[in-house]
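Here's the structure, in structure tokens; my notes come after.
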Amino acid sequence: MTQRRKLIAGNWKMNGLKAQLTEVSAIDALAAGRGDVDVALFVPATLIAAAAPLAPHMVIGGQDCHQAESGAYTGNVSAAMLVEAGARGTIVGHSERRAYQHESSADVAAKAAQAHKHGLQVVLCVGETLETREQGDDIAHAFVSDQLVASLPEGADPAWLVIAYEPVWAIGTGKVATPAQVAAMHKALRATLIKMLGEPAGNAMRILYGGSVSGDNAADLLHTDNVDGALVGGASLSAAKFAPIIAAA
Ligand code: PGA
């Protein structure tokens, strides 16, 4: 049985001004108290430089990076910029970016490769919409597995890449997937990873669950087979709400 260290990651999305940096310090203190669990916080790009020095016990990261090294891409942030600001990781392929910025799985794979080239840890998100889920569990499993295959970068390795399964219908809706639904999807994704990367790497890669994770449901979700952590939006905005999730890992 492969031992995978749990990762509890927060995604602040487009939330957070300097006034919220006290929460970063408080979350870092929670991370310091859990030497057996990895903690990461993906903050807005504008906060990375201020947040990184406050967070010696966790990874501070960005929420996206462009696949190009530099150039005429107004409004985008490059991997080198994230690193220079103090980031040690980034999310790629979040469903909000796939939906609103029309990012394809090929884009996501290129972004992951570019982030890795600059030494960043990468959390790569996949997940199905409600419409797909309603077509049945097998269809949802096949859809997300295909999305994962198409989004995996060349040379994907558990040393720097983590997968996050986030059903779109569970994000920010308070409608959390059941542990049984999560177990079945993560089992399918584990099989896909082993097929793509071989036994040791496919088994070692962490698969997080995300979508309305809270202090109330974290313990059940985090002790589900093949769930190696959580990617948390709303409940990561304050240390008080994030604390029980970190404690449950
Ligand atoms: P949520 O967001 O926890 O607010 O549902 C999760 C995510 O989108 O990463």
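Below, each value reflects all heavy atoms present in this structure, side chains not excepted, and no hydrogens, waters or symmetry copies. Whatever order the structure lists ligands and atoms in, that order sets their numbers, starting from 1.
Using a 30° and 60° split on the angle between ring planes, H186 and Y209 fall in the tilted class, from 30° to 60°.
Between H118 and E69, some side-chain heavy-atom pair lies under the 4.5 Å cut-off. Two residues are said to be in side-chain contact when any heavy atoms from C-beta on lie closer than 4.5 Å; L7 and V162 meet this criterion.
Near ligand 1, residues N11, K13, H94, E166, A170, I171, G172, G211, S212, L231, V232, G233, G234 each place a heavy atom inside the 4.0 Å sphere around the ligand atoms.
Checked by atom type, the side-chain pair Y165/E128 shows a donor-acceptor distance below 3.5 Å. Defined by atom type and a distance below 3.5 Å, a donor-acceptor pair is missing between the side-chain atoms of R98 and S104.
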Kindly determine whether Q101 and E96 satisfy side-chain hydrogen bond (donor to acceptor under 3.5 Å, both in side chains), including the steps that lead there.
CA-CA 8 Å; Q101 266 70 39; E96 287 153 14; over 6 Å; no
